[in-house]
Amino acid sequence: SARRLAETTLITLAAQRARPAQVRQLRQLVDRERQHHESGERCAAIRLGGEFHLKLAQVAANAPLARFLNGLVPMTSLIIARYESPCCDHCAWQEHAAIIDAVEQGNAEAALGLMHKHLDRLEEKAVAHNRDLVRAAALVDQASALAAQAGSAMLPRAELEAGASSEELSEGERYMN
């Protein structure tokens with residue numbers, strides 16, 4: 001993906017260029033992300049997780065890729081906020097902390113491997129959500145087909161919803177059973 005290409009280039013550069021002050025800033029950011037996650041402030045934790053990626057891009061000092069990533073990270077954060085389970089037992093801050101360790105050591109290979117694993121997890125969630133949407137759409141299509149096949153058998157249900165009399169109710173129950 002475009003984001004993966006940008007992130008992998010940026011993480012390699014960040015591992016080569018990171019200064020101690022920048023690593024401290026990254027650690028502070030991830031510590032705030034962890035605190036928000038632990039206190040149940042999910043949206044704030046997700047926002048800070050996105051900021052982590054943008055800060056890494058600054059550390060890499062590649063302005064064009066940083067601008068490109070700046071357009072992608074907010075969309076990813078929105079997707080995570082919307083579709084990730086609120087009781088998710090996995091915490092992105094843990095992966096972010098491991099990435100910082102590799103960056104601090106100047107180990108571009110380890111940082112790259114950790115970033116790939118992190119992005120794999122994000123992509124797996126997006127794909128799983130997409131599969132759920134496809135399944136839901138298929139169920140809606142099946143329900144629509146069954147309703148079309150039932151034809152007039154569905155009319156009593158509509159009459160019930162519109163406030164049918166008790167006589168009509170008996171007749172309607174026949175169609176629904």
Side-chain angles (χ1 to χ4, degrees), residues 1-140:
S1 73
R3 178 171 176 178
R4 182 178 292 271
L5 182 60
E7 293 258 21
T8 55
T9 301
L10 290 168
I11 193 65
T12 302
L13 292 172
Q16 295 167 354
R17 299 176 178 174
R19 296 187 308 269
Q22 293 171 315
V23 171
R24 276 193 306 279
Q25 291 173 340
L26 285 167
R27 287 199 189 283
Q28 290 170 350
L29 186 61
V30 170
D31 189 50
R32 288 178 37 225
E33 180 185 5
R34 177 192 57 77
Q35 290 170 0
H36 284 287
H37 175 81
E38 290 175 352
S39 66
E41 299 171 46
R42 188 171 165 270
C43 289
I46 292 169
R47 181 184 50 79
L48 290 166
E51 286 181 26
F52 166 79
H53 289 268
L54 298 177
K55 181 65 179 169
L56 269 177
Q58 289 176 355
V59 171
N62 183 309
L65 280 181
R67 278 192 301 275
F68 177 71
L69 196 61
N70 194 44
L72 296 177
V73 167
M75 289 186 288
T76 304
S77 295
L78 285 173
I79 291 168
I80 292 168
R82 174 66 178 99
Y83 298 111
E84 183 179 66
S85 170
C87 57
C88 180
D89 61 353
H90 179 81
C91 308
W93 67 265
Q94 294 166 331
E95 291 175 347
H96 293 162
I99 290 168
I100 293 170
D101 291 341
V103 167
E104 184 176 38
Q105 295 165 5
N107 189 339
E109 188 176 326
L112 183 60
L114 291 165
M115 183 61 77
H116 274 296
K117 286 181 184 177
H118 179 59
L119 295 174
D120 287 345
R121 187 185 62 77
L122 291 174
E123 288 173 7
E124 285 170 13
K125 285 182 177 185
V127 168
H129 171 69
N130 189 45
R131 275 193 306 264
D132 290 344
L133 286 177
V134 169
R135 284 186 196 124
L139 288 173
V140 168

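- With sequence neighbours excluded, no residue forms a side-chain hydrogen bond (donor to acceptor under 3.5 Å, both in side chains) with Gln22.
- One finds the CG atom of Leu119 at 6.0 Å from the CE atom of Met115 (value rounded to the nearest 0.5 Å).
- By the 4.0 Å N-to-carboxylate-O rule, Glu95 lies too far from Lys117 to be salt-bridged with it.
- Within the 4.5 Å cutoff, side-chain heavy atoms of Val73 are placed close to those of Arg3.
- Partners of Gln35 according to the side-chain hydrogen bond (donor to acceptor under 3.5 Å, both in side chains) rule, which considers only residues two or more places apart in sequence or in another chain, are Asp31.
- Atom NZ of residue Lys55 and atom CD of residue Gln28 lie 10.0 Å apart, to the nearest 0.5 angstrom.
- Of all heavy-atom pairs spanning Ala60 and Leu10, the tightest one is CB-O, 3.3 Å.
- We find the CG-OG1 distance between Leu112 and Thr12 to be 4.5 Å, quoted to the nearest 0.5 Å.
- Ala97 approaches Arg27 most closely through the heavy-atom pair O-NH1, 4.4 Å.
- Here CD of Glu7 is found 10.5 Å from NE2 of His116. Values are rounded to the nearest 0.5 Å.
- The main-chain N or O of Trp93 is never found under 3.5 Å from a side-chain atom of Arg34 such that the two would form a donor-acceptor pair.
- Summarising the geometry of Val103 relative to Ala14, their closest heavy-atom pair is CG1-O, 3.7 Å, with the distance given to 0.1 Å.
- Aromatic ring pairs are classed by plane angle as parallel below 30°, tilted from 30° to 60° and perpendicular above 60°; the pair His96 and Phe52 is parallel.
- Nearest heavy atoms, Thr9 versus Leu5: OG1-O, 3.0 Å.
- A distance of 11.5 Å separates CD in Gln25 from CG in Leu56, rounded to the nearest 0.5 Å.
- Considering all non-hydrogen atoms of both residues, Glu33 and Ala45 come closest at CG-O, 3.5 Å.
- Separation of atoms CG (Leu48) and CZ (Arg32) is listed at 5.0 Å; rounding is to 0.5 Å.
- A donor-acceptor pair shorter than 3.5 Å cannot be found between the side chains of Arg47 and Ser77.
- Ala57 and Leu69 make their closest contact through CB-CD2, 4.1 Å (heavy atoms, listed as atom of the first residue, atom of the second, distance).
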